[in-house]
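One structure below.
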Amino acid sequence: MRERIASHFDPFVIPFLIGMAFVLGYCLIAMIRVIAQLPKADRKRFLVSLITPKYIWINIRDIFLNCLIHVKLWKRNRVLGFMHSSIAFGWFMIILLGHLEVMLFVPERIHLFYYPIFFNYFVAETESTIQGSLLMFLMDFFLLMILSGIAIAIIKRFASRIVGMRRTTRLSLLDQVGLYSLWAIFPLRLLAESFTAHISGGSFLTIPTNWVFRQFLGNDLNALPTWWAYSIALCVFMCVLPFTRYMHIPAEMLLIPMRNAGIRIRHPRKGFALLEVYSCPGCGVCIDACPMSVRKANCKDCTVYLNRQLRRGNERRIEEISDKCLLCGKCTAVCQVGAQGPELRVAQRERRKYALSPSFAGINVRPMASAVVNGAGGESGGVLYFAGCMTQLTPSIRRATTSLLDKAGVRWQMMDPDGGLCCGRPLMMAGRSEQARELIAKNLEIIRASGCDTLLLSCPICYRIFKEEYALEGIRVVHHSVFFQELIAAGKLQVQREDGLKLVWHDPCELGRGCGIYDEPRAALAAAGEVIEAGKHHAESICCGGSLGSLTLSFEQRRPMVQNALDNLTVENPSEIVTGCPLCLATFVRAADRPVRDIAEVLDSHS
Amino acid sequence: MVNRTPVIAIIGAGIAGLEAARQLSALGYKPILIEKAPVTGGHVAEWNRLFPDMSPAADLVQSLEAQTAKVRTMTSTEILSINRLKDGYSLVLSDGNILICQAVLFATGFHLFDASKKEEYGYGIYERVITNRDLEQWFNTRHDARIHNPKAMGFVHCVGSRDIKAGNTQCSKVCCITAIKQAIEIKEEFPDAEVYCFYMDLRLFGKKYEDFYIKAQRDHGIHFIRGRVSEVGEAIDGRVVVKAEDTLNGKPVKVTLDLLVLMAGIVCNPDAQHYAREIGVAVDDDGFLKSRDNVASITESSRPGVFFAGACTGAKTVPETLAEARSAALAIHQYLSKRG
Amino acid sequence: MIYQGKQKIWADYQKEIPDNHWFYVRSCIRQNFFPASEKYFLKICRDMLGRDIYESEHHTTCAGIAYHCDTIPQETAMTVVARQFALMTEAGYDNLVTSCITSFGNYTEILETWREFPELEARIREDLWKACRREFNKPKYVAHASDLMYKLRGEIAERAQFQLVHRATGEPLRIVEHIGCHYSKMFPHKGVGGAEYPCVLSGMAEAWGGQVIDYPERRHCCGFGFRQYFVKANRGYSLSNTHKKFESMEPYHPDMIITNCPGCPYFLDRWQYVISEMNGKTYGQNGYGIPALTYEELAGLVLGVDPWDLGLQVHQVAVEPLLDKIGIPYDPARKYLGMDEKKIMTPGLPTSLKCC
Amino acid sequence: MDFGFKLSPSSAVNLDTVDHARYDRLVRLEPDALTCIGCGSCSATCTAAPWSGMSVRKVILGLQRGRDDEVDAMLSRCMLCGKCTMVCPRGINTRHLILTLCRLNRKGEVVR
């Protein structure tokens, strides 16, 4: 063990120091900015969470699992998982071990930032001690791990299909600089350590390479340029990092505790939204996931590109991407960092200025309210069934639902027998939440007047907003699929199972990903027939393509999306497609090659 | 009669007459085409392009003429009278000949409604009011002083059609699509012109007609106003002021136009009515010749040996007319074969 | 405008107008509006052109106004008209000539209705007999007085003292003709020249040297419209109609308007004043209005009758500029003298509309 | 002078002078609007129609006829429920058309 450089310094560390100073400074300022941009209540909440022991533990665990190990990615794609975790975790370990070495061998140099990074240049270590050989072994081990990850990354870049990705993002120029410098860092480190191994020691990787190099480059002077190159590669990477997708590395470490603290997007461009944008690693998993991507032209409208355009401030494209999206939430479901594509888009829509804003304050709901009061006949409790706008275009759902309610002997009445007001969710999706609130207030008046204890919805679009935005304390808001499942389970509804009936359940976006309801409809359907799964299902189900979320997609543009969703549903050749959303139903019916029915219709015809 | 080739007189050498002559020749007969005008081809010969493929009308006429080159065709020949014989008909022709025939095919076509009868539209009074035929001829000749870089133009549908006051309650069938075709052609020629179509109903029943309509709306921004033009006046600069009710809006509209095209409807050729009466063939209450049956035997009259093809029984499109001509040829063949 | 096209239409709409022997029925309102018109119609026909025109002091309204105001059923109007026919029959005439356009329309409409529904005619005959023990023959010819004047236009032209030309320039005067709605809009074949391009007035104007101008709103109603004027709440509607016509004819700078209906000259004349008071707009030259004359007044002027004898002083719009244009002499001092040569009152002057 | 009655404005739409700047802008942004055939499906299904008279058909037509006040009154009652888009036989994205219109001022400019 000896220090090789008496001055403990060599000029080649300067690039690294510049890069390090820049990136740390940048991230610090960015972090302060993001936190400062949060609304006051959110900021307080976040800062409190940082010192709450429960959150500290969750945050550390999440950061470790997500940022270093990439657990989500492992679940999704092992090759990609390995690639990412080998680089992230390997690099983390190398840095950690570097510090360990410094602390163990030259604790007096711990204040020098560059010492742990360039340890082998400054300190010659002997492998004869167990301590030393173990550390050197681990160093080589993690370096090899990183290099294997880098190798996969290179393969992925040129042939993404090999690693199981149909499409990957197209990189901007700076992203390319970042990428190539990142690729360069570790081979250069290997070279540097290899050239230095016969002096400073090495292990199973560096010693053989050292030996190979010495056969034809037998000059110690070769070592210094490689250390320079290694340092410069680090410098380049760190200097471009804030301007590339690699910004997700520091951003995500802030995003995780913020999300754990329950912070939501409040401003389209500031605070949490800004952090989410920077947390996007640009991996492009959302491209394949996005239902719009069946049209090649729409690949550029996925969340990864929204984040990129938000960084660039390209307003035209931001608007285009924000308005086109179906808001199905699939990108969030597959996203490694959990970027909320739909919420981010709705926030952009919210920001829009209008010359004319609707107003519903003048609607007189008294006739509708008194109708439900009369309908209740002086009794409180009972079910109030709100069919909603879309169900009026699919009267079969309403008929089946009311028929089932009668069969189960439930006391019920319609909230909108002759059409009612819209629930407000479509306005919310269009970014007009202020106007939606006016409708919410009006609908609340009617619901409260009815004295019901359960509000039944056959439309997941309505269901979601009634659940999330309506102040309905004391009233249970339930989707009909759940309600009927309970009635079946309680034996109040007798459903005959039909042999040979193969039903596939289409998870409507608003019901599944939106409200987390996956199992009840399947359980209810199982009473009527055999439930089989679609190619992609549960959180990864594919939007029907009819979503109200998209503002701009035309009927023609949606057609291939509908077909793709249907293809996914019919993988196992079901005899019938079943859904729980009138909009999905209306969308599928037009294009399906087999019967499509609402869950209520299926249950009604089997009871 | 036996062993002698029967004589078939075809009255009118428009596309119906030519096509029937072609088919009858192919069946081994020697039909005789009698045409009042100096040339064959009828109305279609005066038209420029045909919907829905925008194929040149001249191509169709020339092809039919080429295929009937060997058929005896008497142009500039009028029928002075037509008489019934024991087993045929005799036609007294304006060239002094008398033609004895075993079968007569009415391919007399239609007359374009005289747009000046709709006085409120001012055809023949206002310089800038023309008819569909005038416009079609302009497409052919590009020679009409009235059509000079119009900034605003209008088409009035149903001029003399579906109009009890004009004596024709029938739909002329082809005007809607013709108006849209002509409006598109005008827009292609003068892209900056505002073009308005005033219609009562749009009857775009045929193959690809609706595509024309969508194209007119979407690609050319042609304005369709549901409402019949009530009156046309002349402004001080010679342009025409058109008034109508925009019935979908429930409000009267007024617009000043550089050119107004009247979509003159289709009425029966009065000569055909005259000949029909001479030999006791019924004229229907719509003014067209009456078929034996409007469903199953539209090409046959109530008289043996008298057949119909094309617009003499009602407004027809070109493909319908051609199909009917073929059908009539077959009906004549069956009739003559049965007679032996 | 293709003149030959109009001529072609005129050829289609010529009606037979007997030359002589007419039973004349007056208008209810014209005598109040333009009292000299009917007088001069008779004077010109009888005294100047030597025609036999009979007038009965027993005749009443034709009930057309009440009918068009929806205050009486048509059967009532028919019975009143039947009495008129009875008077004509009793006087030994077959030809009925009416001074009023609405009467003309009313008579024509009733005769056409009887033609379609003979049982109705029988009932009216019975009703008339019950009511006043009278019987009638239907007239052989029904004409409006302007039809007769149209028929006589050539004779008048021969006797004309003045031509409808601008004396200074020799240019024909630019004349707007306005036909009463009930003249031929209901039955185009009953009007000379039909409904679209009636030539009853334009024929006179052209025969007497003028030039008729055709403007987009030429067909439009003067705005009277009975109920629209009689009910004050609707009067703005009446005015707006007239306004529309003036706006449409304005660019043509007409020298005068001639009409053949009782209401039209009145509204085309008086509303010019009202419009000028409302929005300060005048339509004639130099702040004057456009004189709106009856065809009888015009015939009188052409024949050299003194303008004040023709009653032109009762027009709201001053006629002096027009008289000057044609070169008709007049004595300004006599304008407001009565028949007895004593001064009748002089009207107050409008705010905007220039009057002499 | 007060006559007790006034000149009433013409109810006729003069297409020569009508201001359709907003419509022109709309059809540039939403060319599908041109293909409206006035069938009224949108109005018939409209959630807001029963109590507000909202009708996309009338909106499209009203813009062409310069009836902006009526158009705005109707637009300000739309709940964006999307039923009209579902039923339009010409496949017009009526929902986005409404949103686009709400962004245009009377002169047809997109408000920023």
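Within every chain, numbering begins at 1; the chains are lettered A, B, ... in the order of the sequence lines, protein sequences first and strands thereafter. Just so we're clear, the structure is a prediction, and the values are computed from it rather than from any experiment.
- Contact of D:N93 with chain A is made through the side chain alone, with heavy-atom distances under 4.5 Å.
- By the 4.5 Å heavy-atom criterion applied to side chains, D:K83 and A:M390 are counted as neighbours.
- Salt bridge annotation for A:E319-D:R103: present, with a cationic side-chain nitrogen under 4.0 angstrom from a carboxylate oxygen.
- Of the residues considered (A:S554, A:S550, A:P426), A:P426 shows the highest number of contacts with chain D, using heavy-atom pairs under 4.5 Å.
- Heavy atoms of D:C78 lying under 4.5 Å from chain A belong exclusively to its backbone.
- Note: D:C81 leads D:C81, D:A48, D:S52, D:G82 in heavy-atom pairs under 4.5 Å with chain A.
- D:M79 places none of its side-chain heavy atoms less than 4.5 Å from the side chain of A:Q435.
- Proximity to chain A involves both the backbone and the side chain of D:R77, based on heavy atoms less than 4.5 angstrom apart.
- Contacts between A:N364 and chain D at a heavy-atom distance below 4.5 Å are absent for every atom of the residue.
- Using a 4.5 Å cut-off between heavy atoms, D:T47 contacts chain A through both its backbone and its side chain.
- A:R590 touches chain D through its side chain: at least one heavy atom from C-beta onward sits under 4.5 Å away, while N, CA, C and O do not.
- Dense packing is recorded around CZ of D:R106, with more than 12 heavy atoms of other residues, nucleotides or ligands lying under 6.0 Å away.
- Interface remark: A:S359 contributes backbone and side-chain atoms alike to the contact with chain D (heavy atom separation under 4.5 Å).
- The closest side-chain heavy-atom distance from D:W51 to A:L421 is below 4.5 Å.
- Of the two parts of A:L439, only the side chain, counted from C-beta on, holds a non-hydrogen atom closer than 4.5 Å to a non-hydrogen atom of chain D.
- The shortest distance between side-chain heavy atoms of D:H96 and A:D323 falls below 4.5 Å.
- Atoms CE and OG1, from D:M86 and A:T587 in turn, are 5.5 Å apart once rounded to the nearest 0.5 Å.
- Evaluated for a side-chain contact (heavy atoms from CB on, under 4.5 Å) with A:Y354, the options D:L101, D:L75, D:L99 yield exactly one hit, D:L99.
- Rounding to the nearest 0.5 angstrom, the gap separating the CG atom in D:L97 from the OG1 atom in A:T552 is 13.0 Å.
- In this structure, the portion of A:L553 lying under 4.5 Å from any heavy atom of chain D is its backbone and not its side chain.
- In this structure, no portion of A:R425 lies under 4.5 Å from any heavy atom of chain D.
- Under a cut-off of 6.0 angstrom, the local environment of CD in A:E434 is sparse, with at most 12 non-hydrogen atoms contributed by other residues, nucleotides or ligands.
- Looking at D:V87, only its side chain comes within 4.5 Å of chain A, counting heavy atoms on both sides.
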